[in-house]
2 protein chains.
Amino acid sequence: MTVTASARPQGGVRERKRIATRNAIQRAVLTLALDRGFDGVTVEEISHEAGVSPRTFFNYFPTKEAAVIGDVPEMPDAEAIDRFVSAGAGQSILEGVRDLLLSSVDQEPNPDGADIESLRRTLLRAHPYLFTLRMASMKQLELELVSVVERRLVHDDSRVAGDPERLHSRARLVTYVAFAGIRHAWSCWAETGGRGALADRLIDSFTELQVLARGEY
Amino acid sequence: MTVTASARPQGGVRERKRIATRNAIQRAVLTLALDRGFDGVTVEEISHEAGVSPRTFFNYFPTKEAAVIGDVPEMPDAEAIDRFVSAGAGQSILEGVRDLLLSSVDQEPNPDGADIESLRRTLLRAHPYLFTLRMASMKQLELELVSVVERRLVHDDSRVAGDPERLHSRARLVTYVAFAGIRHAWSCWAETGGRGALADRLIDSFTELQVLARGEY
DNA sequence: ACCGGACTTTGCACCCACTGCAATAATGAG
DNA sequence: CTCATTATTGCAGTGGGTGCAAAGTCCGGT
């Protein structure tokens with residue numbers, strides 16, 4: 001392997017190499033896709049550019065798409081979830097979801113990965129299809145969020161538990177609207193070239209959501 | 001070809017055969033995917049089941065996915081769009097979008113296709129991934145809707161045209177929320193086994209959206 | 001410094017999705 | 001019935017993706 005890992009990441013050689021390779025592959029696929037288009041690039045070219053064999057590419061990413069999509073936010077820890085569930089009806093539920101998602105978005109430090117984030121932002125902005133793919137790959141998070149929102153709704157007003165179908169329906173609607181907020185935040189963030197943090201955009205989008213909800217436009 | 005077309009559809013033999021084949025392929029892919037899973041079925045099997053060659057399969061659908069996803073709603077005609085754009089600020093914008101989308105959803109008659117619709121509903125309900133794929137394939141409609149919503153916002157209050165970036169941001173948010181409504185409507189519709197029309201679910205979901213917006217839960 | 005077990009990389013053979021092309025068959029208009 | 005149009009198919013080829021086993025790398029213990 002010809003990967004010059006700046007030795008920042010802690011851990012053994014293995015760990016460091018693994019991260020470096022992962023970054024190299026993402027850098028390669030994003031760079032190549034940016035000037036030839038996603039379909040104009042083969043895994044063979046990507047692997048070559050990243051300095052690994054095609055077979056190794058698939059040890060790191062299950063599909064070519066996965067490499068451009070990158071890591072997707074995960075559900076925050078149980079503590080943050082409990083805080084959300086038991087915040088009480090005083091807090092608007094969308095506000096609660098927003099704060100919950102903020103902890104999801106903040107993770108993923110990845111030193112040496114700033115350029116990757118930027119490349120990805122540019123690419124996904126230019127190709128709506130890839131952007132929707134990324135959103136689609138958050139389906140897991142979405143499903144988990146639905147059940148957390150259900151818990152919250154029951155906590156706020158235990159009567160709703162009496163009608164599970166309606167409860168589920170509401171939880172899903174809240175979740176879908178929240179995801180509309182995420183999509184919006186990401187779009188804005190990409191459009192302004194990554195000015196400020198994604199977290200700030202998320203706050204803006206949810207605020208705007210409240211404005212829309214109040215029917216002010 | 002061994003397709004027994006009940007001769008309902010008008011038009012020449014060609015047209016009828018084409019529709020029959022298209023239906024046969026969809027029926028085949030949906031049926032097979034329902035008991036072996038989407039990945040457990042090959043195009044060869046699907047084509048055989050539908051009574052066509054594998055090559056012909058790809059004359060009807062660009063990908064295996066496209067066959068399960070089926071036709072996706074399109075933007076309604078210019079007349080309906082104009083009605084939406086110039087409805088005036090008296091009508092809430094989400095209500096307007098809802099009505100606009102109702103005309104999109106109502107099309108697609110496809111006689112002989114009732115069973116296909118039902119199979120598809122069952123399959124997509126069981127496989128969230130396929131459902132998100134279907135939503136993702138509506139990206140085109142979504143993009144068009146954004147620009148229509150922009151026109152509406154300008155029509156309602158021409159001052160917003162002075163800040164194009166903000167205008168675009170708002171239009172996108174409205175559109176994303178509307179799509180949250182569509183997703184919700186579709187989920188509910190699939191979950192109740194297709195009871196009632198999808199259009200009715202859409203109305204329900206948008207009503208619920210207003211309730212959520214008013215912060216009533 | 002060396003050894004042996006654990007993990008990684010790679011090549012190879014293979015399956016399947018998908019495409020362009022050219023031959024053949026079905027349709028429809030006059 | 002004829003011929004232009006359009007649909008179907010086979011074939012050969014590209015590229016994504018996987019299982020397996022061989023070879024290479026890392027790391028902890030001695």
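Quick note: numbers below take in every heavy atom, side chains included, and nothing from hydrogens, waters or symmetry partners. So that the names make sense, note that chain A is the first sequence line, chain B the second, and so on, each numbered from 1.
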5′-ward residue of the pair Arg55(B)/Val13(A) relative to DNA chain D = Arg55(B)
How many Å lie between CZ on Phe57(A) and P on dG16(D), as a whole number?
-> 9 Å
Tyr60(B) side-chain N/O to dT8(D) phosphate OP1/OP2 under 4.0 Å | yes
Between dG16(D) (C1') and His48(A) (NE2): distance, integer Å = 19 Å
To the nearest angstrom, the CD-P distance between Glu44(A) and dG17(D) comes to 14 Å
Can a donor-acceptor pair under 3.5 Å be found between the side-chain atoms of Arg18(A) and the base atoms of dT8(C)?
-> no
Assign the ring pair Phe57(A) / Phe61(A) to parallel, tilted or perpendicular, where the plane angle (0 to 90°) is split at 30° and 60°.
-> tilted
Gap between atoms CZ and C1', on Phe58(A) and dG11(C) respectively (whole Å) | 15 Å
Between Ser53(A) and Arg14(A), just flag the one whose closest nucleotide in DNA chain C comes earlier from the 5' side.
-> Arg14(A)
Row check, Tyr176(A) ring normal vs Arg183(B) NZ/CZ: under 6.0 Å, within 45° | yes
Would you classify Pro62(B) as touching base, sugar-phosphate or nothing, given that sugar-phosphate means primed atoms plus P, OP1 and OP2, and contacts are heavy atoms under 4.0 Å?
-> sugar-phosphate
Do Glu142(B) and Lys139(B) sit within salt-bridge range, that is, some charged N less than 4.0 Å from a carboxylate O?
-> yes
Think Lys17(B) has a side-chain N or O under 4.0 angstrom from the OP1 or OP2 of dA26(C)?
-> no
Find the distance Asp39(A):CG to dG15(D):C1' and express it as a whole number of Å.
-> 11 Å
Salt bridge or not for Glu49(A) and Arg27(A), using N-O below 4.0 Å?
-> no
Between dG11(C) atom P and Asn59(A) atom CG, what is the distance in whole Å?
-> 12 Å
Nearest-angstrom distance from the residue atom CZ of Arg16(A) to C1' of dT25(D) | 14 Å
Short side-chain N/O contact to dG15(D) OP1/OP2 from Thr42(A), under 4.0 Å | no
Tell me, with the steps shown, if Asp82(B) and Arg151(B) meet salt bridge (charged side-chain N to carboxylate O under 4.0 Å, His left out).
-> CA-CA 9 Å; Asp82(B) 288 340; Arg151(B) 284 176 54 201; 3.2 Å; yes
Could you state the CD-P distance from Glu15(B) to dA7(D), rounded to the nearest angstrom?
-> 10 Å
